[in-house]
Amino acid sequence: MPHPKLFEPIQIGGVTLPNRVVIAPMCQYSADDGCMSDWHLAHLGSMACSGAGLFVVEKTNVTREGRITHGCTGLYSDHNEAAMTRAVQLYRGITKNPIGVQIGHAGRKASSQVPWQGGKALGPAESPWQTVAPSAIAFGEGWHVPHELSKDEIRRLVEAFVAATLRARRIGFDVVEIHSAHGYLLHQFLSPLSNQRTDEYGRNRMKFPLEVAAAMREVWPKDRALGIRINATDWVEGGWTPEDAVVYARELQRIGLDFICVSSGATVPHAKIPVAPGFQVGFAEKVKKETGIKTRAVGMIADPEHAEQILASGKADMIAMARALLDNPRWVWHAAERFGVKIDYPPQYARSHWSLWPGSKLARPRETAA
Ligand SMILES: Cc1cc2nc3c(=O)[nH]c(=O)nc-3n(C[C@H](O)[C@H](O)[C@H](O)COP(=O)(O)O)c2cc1C
């Protein structure tokens with residue numbers, strides 16, 4: 001069997017990923033005023049054992065008001081920084097594989113309930129806060145009407161992105177990923193559905209996100225990696241399009257970003273999204289083909305052969321997976337076995353490899369158990 005692309009190392013910026021499986025950022029809604037908790041230690045511990053080429057810590061917010069929920073992580077205080085440093089140390093104690101963090105701001109989608117309490121806008125008795133956005137347009141019915149950001153407030157937000165990036169640098173992350181997708185603040189500026197300003201931030205909807213990207217690039221070391229997650233479409237007539245995404249990607253490339261993860265949706269609640277295995281891969285392919293920047297495909301990719309086929313056919317350079325890795329944190333180990341590739345296990349768990357089981361010449365127990 002030829003060596004699978006999935007297990008071929010890849011260099012992004014100054015960082016080498018030992019394989020091309022990336023654990024996508026996933027909010028855990030378990031922080032306390034932005035500080036990672038014991039849950040995060042357990043979660044990062046589990047993800048550190050996974051063997052994935054890169055683990056990206058959940059959307060971590062540049063201000064308290066930028067959190068989606070009361071449980072979201074932040075990098076806006078020394079306490080936040082200390083708690084995250086502890087969690088990253090734990091990760092590093094388990095694996096040499098790189099670790100990144102996604103940095104963002106929820107804008108008009110902030111001040112909401114954690115999913116398991118409904119996921120709607122916080123009610124009056126749930127300590128809601130004033131949300132902010134490019135325009136005073138609510139995300140949907142029943143959502144908070146955001147305050148329209150002044151130019152001065154926009155400037156201070158660029159500074160907040162830089163301050164959080166400096167904290168990520170001190171913590172020692174290998175990779176920072178800017179969250180410019182899924183209808184959060186940066187994407188709210190990009191999409192005509194949420195940005196109806198008449199000043200230069202509305203006439204040029206990319207202005208604020210590009211200012212953020214350029215300011216973060218200035219302070220993020222070249223020997224690490226700086227990437228971004230963008231939307232390719234809002235899936236709504238009159239919204240952000242794949243062609244817009246290519247124009248944006250070219251500008252990001254010019255600023256010097258090292259990779260782009262191409263996602264979609266979540267700009268407005270009423271979008272009809274044709275969800276199916278690999279439904280966003282074509283967007284990553286378009287961005288890759290038209291710009292040449294390294295791309296990551298994401299969305300409903302759970303089968304190792306499917307992931308391999310996406311990479312081998314040159315549609316993307318990396319695969320990000322979210323739910324499949326929560327469902328099965330040993331996904332990478334089993335994919336490696338399927339392709340006959342040897343990867344490092346944590347030594348404490350090494351004996352779990354079925355080839356070391358007595359009687360391993362027989363069929364593997366997992367497969368005979370059904
Ligand atoms: C529990 C959970 C939390 C998520 N949190 C984030 C996040 O913090 N940032 C982000 O960009 N996407 C987030 N997502 C979206 C995932 O990163 C991913 O794009 C999406 O789930 C599609 O990939 P999948 O089909 O492999 O799950 C989250 C998804 C889940 C399931």
Side-chain angles (χ1 to χ4, degrees), residues 6 20-31 34 36 39-40 42-44 46-47 50 52-62 66-69 71-75 84 99-107 109-110 112-117 119 164 168 173 175-188 190 209 227-233 235 259-267 271 273-284 295-304 306-307 310 316 318-329 331-332 335:
L6 201 55
R20 291 159 186 247
V21 183
V22 176
I23 305 181
M26 276 181 280
C27 295
Q28 299 297 296
Y29 311 104
S30 302
M36 282 190 155
W39 171 262
H40 289 96
H43 178 57
L44 264 70
S46 167
M47 295 299 122
S50 72
L54 173 67
F55 167 66
V56 185
V57 167
E58 66 193 80
K59 170 179 179 284
T60 291
N61 301 286
V62 301
R67 294 172 305 158
I68 307 170
T69 72
C72 289
T73 49
L75 271 178
M84 205 170 265
I99 179 169
V101 61
Q102 189 185 52
I103 290 185
H105 187 300
K109 289 170 78 176
S112 64
Q113 299 160 336
V114 302
W116 52 87
Q117 284 167 0
F173 281 104
V175 177
V176 156
E177 174 170 322
I178 305 168
H179 199 346
S180 178
H182 302 167
Y184 293 114
L185 185 66
L186 299 189
H187 183 68
Q188 286 160 28
L190 295 171
I228 191 163
R229 185 171 248 201
I230 68 170
N231 260 30
T233 173
W235 297 110
F259 69 92
I260 299 185
C261 183
V262 190
S263 189
S264 73
T267 319
I273 306 181
V275 176
F279 73 110
Q280 297 173 146
V281 172
F283 300 134
T295 60
R296 212 169 73 191
V298 65
M300 297 284 284
I301 304 166
D303 175 62
H306 182 205
I310 294 165
M318 293 166 277
I319 302 292
M321 284 189 292
R323 290 163 293 183
L325 262 294
L326 289 189
D327 175 55
N328 175 14
W331 192 98
V332 181

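Worth saying up front: this structure is predicted, and the values here are computed from it rather than measured. Note that ligands are numbered from 1 as they come in the structure, with each ligand's atoms numbered from 1 the same way.
- Here Arg67 pairs with nothing under the salt bridge (Lys or Arg N to Asp or Glu O under 4.0 Å) rule; sequence neighbours left out.
- With hydrogens left out, the protein atom closest to atom 21 (O) of ligand 1 is Ala322 CB, 3.5 Å, a heavy atom.
- For the atom pair His182 NE2 and Ser264 OG, the distance stands at 6.5 Å (nearest 0.5 Å).
- For a threshold of 3.5 Å applied to N or O pairs, the pair formed by Met300 and ligand 1 contains at least one separation below that value.
- Residue contacts with ligand 1 include Gly299, since one of its heavy atoms falls under 4.0 Å from the ligand.
- Aromatic ring pairs are classed by plane angle as parallel below 30°, tilted from 30° to 60° and perpendicular above 60°; the pair Trp39 and His43 is parallel.
- The shortest N or O to N or O distance between His179 and ligand 1 is below 3.5 Å.
- Protein heavy atom closest to atom 27 (O) of ligand 1, with residue, atom name and distance, is Arg323 NE, 2.6 Å.
- Counting heavy atoms only, Gln102 comes closest to atom 9 (N) of ligand 1 of the residues Lys59, Met321, Gln102.
- Less than 4.0 angstrom separates some heavy atom of Ala24 from each of these atoms of ligand 1: 17 (O).
- Applying the side chain to side chain donor-acceptor pair (under 3.5 Å) test to Arg229 and every residue at least two apart in sequence or in another chain returns nothing.
- Of all heavy-atom pairs spanning Asp303 and Trp331, the tightest one is C-CZ2, 3.9 Å.
- When only non-hydrogen protein atoms are considered, atom 1 (C) of ligand 1 lies nearest to Cys27 O, 3.9 Å.
- Note: no N/O pair closer than 3.5 Å links Tyr29 and ligand 1 by distance alone.
- Expressed to the nearest 0.5 Å, how far CE of Met84 lies from NE2 of His40 amounts to 7.0 Å.
- Among protein heavy atoms, the minimum distance from atom 14 (N) of ligand 1 is reached at Pro25 O, 3.5 Å.
- Where the criterion is an N or O separation shorter than 3.5 Å, residue side chain and backbone included, Arg229 meets it with respect to ligand 1.
- Remark: Leu75 CG to Met36 CE distance equals 8.5 Å, nearest 0.5 Å.
- Atom 29 (C) of ligand 1 has as its closest protein heavy atom Met26 CG, 3.9 Å.
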- Item | Check against side chain to side chain contact (heavy atoms under 4.5 Å, CB included), Leu325 and Phe55 | CA-CA 11 Å; Leu325 262 294; Phe55 167 66; over 6 Å; no

